[in-house]
Amino acid sequence: MKAPFTISREKKEEMVTSIQDFYLNERQEEIGNLEAGFLLDFFMVEIAPIFYNQGIRDAHQFLSEKLEDVFEIEKIEK
């Protein structure tokens, strides 16, 4: 499973540790680096694009609204 984007090794290790901490704190289960890494890869391939695309849509809507504001300062021609 190939992620559609890359992250630094340090950031990936940090995220794997976060997944392991979550499992330990919320489920009282220990999972290894390999399992947490596979779970992270799954989220990067299957879940992250959904949030990314929503962010793009939100940014587009925000910018579109701001561009409409530009027309409000337009001078009336005589």
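Each residue takes its place number in the sequence, starting with 1. Just so it is clear, the structure is predicted and the values come from calculations on it, not from any experiment.
- Here the CD1 atom belonging to Ile31 is positioned 9.5 Å from the CZ atom belonging to Phe22, to the nearest 0.5 angstrom.
- Connection of Tyr23 to Ile47 is established within a shared hydrophobic cluster, with ILVMFWY side chains joined at heavy-atom distances below 4.5 Å, either directly or through further cluster members.
- From Lys11, atom NZ reaches atom OG of Ser18 across 8.0 Å, with rounding to the nearest 0.5 Å.
- The shortest heavy-atom contact between Ile7 and Met15 is CD1-SD, 3.6 Å.
- Asp41 places a side-chain heavy atom less than 4.5 Å from the side chain of Lys12.
- Looking at Glu35, its side chain does come within 3.5 Å of a backbone N or O of Gly32 through a donor-acceptor pair.
- Counting heavy atoms from C-beta outward, Asn33 and Gln20 have side chains that approach closer than 4.5 Å.
- One finds the CZ atom of Phe51 at 14.5 Å from the CD1 atom of Ile56 (value rounded to the nearest 0.5 Å).
- Considering CZ of Phe42 and CG of Leu39, their distance stands at 8.0 Å, rounded to 0.5 Å.
- Scanning all heavy atoms of the two residues, the minimum distance from Ile50 to Glu46 falls at CD1-O, 3.7 Å.
- In the displayed structure, Arg27 atom CZ is contacted under 6.0 Å by at most 12 heavy atoms of other residues, nucleotides or ligands.
- Closest heavy-atom contact between Ala36 and Val16: CB-CG1, 3.6 Å.
- Heavy-atom neighbours of Glu30 CD from other residues, nucleotides or ligands within 6.0 Å: at or below the threshold of 12.
- Taking OG1 from Thr17 and CG from Leu24, the interatomic distance works out to 12.0 Å, rounded to the nearest 0.5 Å.
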